[in-house]
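Report on the following structure.
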Amino acid sequence: MKTKETYAGIDFFRIPAALFVVAIHTSPLTTWSEGADFFLTRVLARIAVPFFFMVTGQFVLSDYLWSRQNHRQKKSLYPILRYLRKILLLYGISIVLYLPLGIYAGHYQNLTFGAALRMLLFDGTFYHLWYFPACILGVLLVCLFCRLWKGKGALAAAGVLYFIGLFGDSYFGLTEKLPGVAAIYEKGFSLWSYTRNGLFMAPIFLMLGAVMGSGKRYDKSKKAVVSVGFVCSFLLMTVEAFLLRWFEIQRHDSMYVMLIPTVIFLYQILLIVSESTKNAHAKDLRLLRSTSTGIYILHPAIIVVVRGVAKVSGITAFIDNSLLHYVSVVILTVAAAFLIAVLQQRAFTEHIEKKHVQKSRTWIELDRNALRDNVNFFKAFLPEHCRLMPVIKANAYGHGAVPLAKELWRIGVKHFCVACIQEGIALRRAGVRGEILVLGYTHPTQFDALRKYRLSQTVIDYAYAEQLKTYGKRLHVHVGVDTGMHRLGERCENIGQICEIFEMENLIVDGVMTHLSADEKAQGQEKVFTDRQAAAFYEVLEVLKERGIKCPKVHLQASYGILNYPELAGDYARVGIALYGVLSTKEDTLRWKEKLHPVLSLKTRVAVVKEIYPGEAAGYGLSFIAEHTMKVAVLTIGYADGFPRSLSNGKGAVLIHGQKAPVIGTVCMDQTLVDVSDIPDVQSGDIAVVIGRSGSEEITACDLAEQAGTITNEILSRMGARPERIII
Ligand SMILES: *Cc1c(COP(=O)(O)O)cnc(C)c1O
């Protein structure tokens, strides 16, 4: 699956676009000037609907059309079908919603079958509802065109339809001069009231959206050119519209020649803005999307309400003053749409949470906001040029490497480290992009896989570099330098050999690195040692420079290095444990607790609650014998789920209903017994928190580590594959 990207620029523009549509239907400036109102509602606001079509093109059609054109494997039609289902549902709801108003206004009097069909397919059952059938018809037509003629031909076909549409819309005055042609158009008008519909107008904008949103990058440097393009074409469109009006050529005023370049430039501006606002929360953007849809659907009803209230109350200023009318309609519509969107969002998240939680036995909840906060903290803490290269080895320290990498990608992280090639392959197979560096040893039989999955390999010493060279094909590598840890890397004294590695055939050296082994303290002998390691590393870099070797990216810091020795920096920071919001020991974690927030919670369920009586044993090996009658809860978590066996017999505890329940007996592979004698009303199915908060109590991964006599890194990385990972 591809990572879903956010397009904040586009989502933000939906709101003004929806308000333009409201303007079209309320004519806010008529009280002052017909000309000004024409400009606002018949020129400027005409951008809105094509924009919405383009958005649909980008998000619904581009994947499908693009894969067809490139002759790649066939893409599924599923997203398109899902979209059609959604539009049909919205159309259905809207039809029902506007039925009373339509009846009141007499829209459905003497309705023949043919007229009803024409209404459903082209005009919509209320004046603004033409948009929904237009989306459906347009999407179907574009799919058909792309089947028949592929990319350019399909675009041309859509263009021709728009051209035909123009002469039934803004340019109909010219058509009327040719009686034969006009007669054909008149025939058409017995099927549809306007050519502004799914047949003539929607296809071209859907296709343009699909082409422009097909993954091409729009960088900031183009912003000026594109903005000038937008202003010029919009001015020309304005001139076009006023000329057509002056000469009374328009039958209707939705379609202009210059509308096409105008919205192309506008859409590029929005894509560029989206590139630089990638940090927007997906949830907020979803709220914007729902709100704009709500505004579109609701505003005609609100117009009726405002008019009704004004009439009944006698405060006719709300009808007589066009601007006041518009503003009151906008305020009420936005409020109603936003309220509905919020309620919908809440129902949606509850539904998702229920779905997950109901399924679960033991699960891990990942706090997206905590992760973002941690990333932002490091971005601010590190020097400008130093980028994050998160270490997501060991299934991202138990968090789930794939969901984590995707979340990080969404917030702009483009480089990752893993421990071994299998981890790299798993990420690529899940669709993770960017640079992935394998920190550990890869056996030569797997060099093919390094290439196939575009992974970078650490050169672990000179002899290994020769093996990589003999492989015979080009490989991306980072050269490891051993400055005192004596684990991986060529010894820093062997500077001649290190330089040779850089000149070796077939090796594309993207980086040079070392690893600090005593950076968890910032004073004493550890500081002396760390300074010496850093000095040795920078000396190597000096020599490389002297010998004219182009120095690639350098990196030497892991979590503690970043926090204790920020001045050492480098180009990348290989942050591991701290990214997850904790440090190896409880003491260190507490020291950074204001800045770093734990990402992971581990939760499980109570399977059964039972009483045991004095003298009875519980669990394996008679290690626990009850002294008095007690209530025992059996939890669906064991050491195979990352709950250490060393927490047996009261060493550890979990939280149920915000109270501590100590472990009794030995922790089993899949289950654990806890004492719930003092916790009222514990039932089968209740949630027990192993790591995280419950009520006012909290158990941290560091607590578990301390009780188990190890460091948090081990607790987290041993979490196992069984718990589901859920991002919230
Ligand atoms: C694991 C690892 C890291 C990350 O270490 P943390 O202390 O978790 O930040 C960085 N570099 C290398 C080489 C590693 O093996």
Side-chain angles (χ1 to χ4, degrees), residues 371 374-375 377-378 381-382 386-399 401 404-405 408 413 415-424 435-442 455-461 464 477-490 492 510-522 526 530 533-534 537 553-566 568-585 587-589 591-592 595-596 598-600 701-702 705 710-719:
L371 182 68
N374 297 342
V375 167
F377 163 68
F378 280 114
F381 189 73
L382 289 163
C386 182
R387 275 189 275 179
L388 285 187
M389 194 179 200
V391 180
I392 49 175
K393 62 191 179 187
N395 204 16
Y397 293 48
H399 292 60
L404 222 82
L408 288 167
V413 173
H415 307 268
F416 302 98
C417 301
V418 293
C420 58
I421 186 167
Q422 283 79 7
E423 293 177 341
E435 182 182 19
I436 300 180
L437 172 63
V438 177
L439 293 170
Y441 172 73
T442 300
L455 303 170
S456 305
Q457 172 61 41
T458 302
V459 178
I460 61 178
D461 68 356
Y464 191 73
V477 299
H478 287 225
V479 175
V481 178
D482 177 7
T483 52
M485 182 171 190
H486 302 316
R487 199 171 66 175
L488 299 183
E490 180 55 53
C492 55
D510 296 327
V512 53
M513 61 188 277
T514 191
H515 195 45
L516 305 173
S517 56
D519 55 0
E520 69 276 15
K521 290 222 176 69
E526 284 87 353
T530 303
Q533 272 195 290
F537 183 57
K553 302 286 186 205
V554 307
H555 45 109
L556 66 164
Q557 291 172 306
S559 299
Y560 277 98
I562 300 167
L563 297 173
N564 290 336
Y565 301 87
L568 295 181
D571 297 310
Y572 296 131
R574 300 188 307 264
V575 53
I577 190 73
L579 185 74
Y580 308 103
V582 289
L583 286 162
S584 298
T585 65
E587 194 192 339
D588 295 337
T589 306
R591 187 170 330 134
W592 289 94
K595 309 284 183 204
L596 300 172
V599 174
L600 170 146
C702 316
T710 181
I711 56 173
T712 26
N713 312 44
E714 185 180 348
I715 294 293
L716 292 175
S717 61
R718 286 176 45 168
M719 217 53 92

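Whatever order the structure lists ligands and atoms in, that order sets their numbers, starting from 1. Keep in mind that the numbers below use all heavy atoms, side chains included, and drop hydrogens, waters and symmetry copies.
Results of the side-chain hydrogen bond (donor to acceptor under 3.5 Å, both in side chains) test with H478 over E435, K553, Q457 single out E435 as the only residue that passes.
Ring geometry for Y464 against Y441 counts as tilted: the plane angle lies between 30° and 60°, on a 0 to 90° scale. Taking the six-membered ring for Trp and thresholds of 30 and 60 degrees, W592 and F381 have ring planes more than 60 degrees apart, a perpendicular arrangement.
Counting only distance, with no hydrogens or angles, the side chain of Q557 and the backbone of R574 share no donor-acceptor pair below 3.5 Å. In this structure, D482 contributes its side chain and L488 its backbone to no donor-acceptor pair below 3.5 Å.
For ligand 1, the protein residues placed under 4.0 Å by at least one non-hydrogen atom are V391, K393, Y397, L439, R487, H515, A558, S559, R574, V575, G576, I577.
For the pair L579 and F377, the minimum side-chain heavy-atom distance is 4.5 Å or more.
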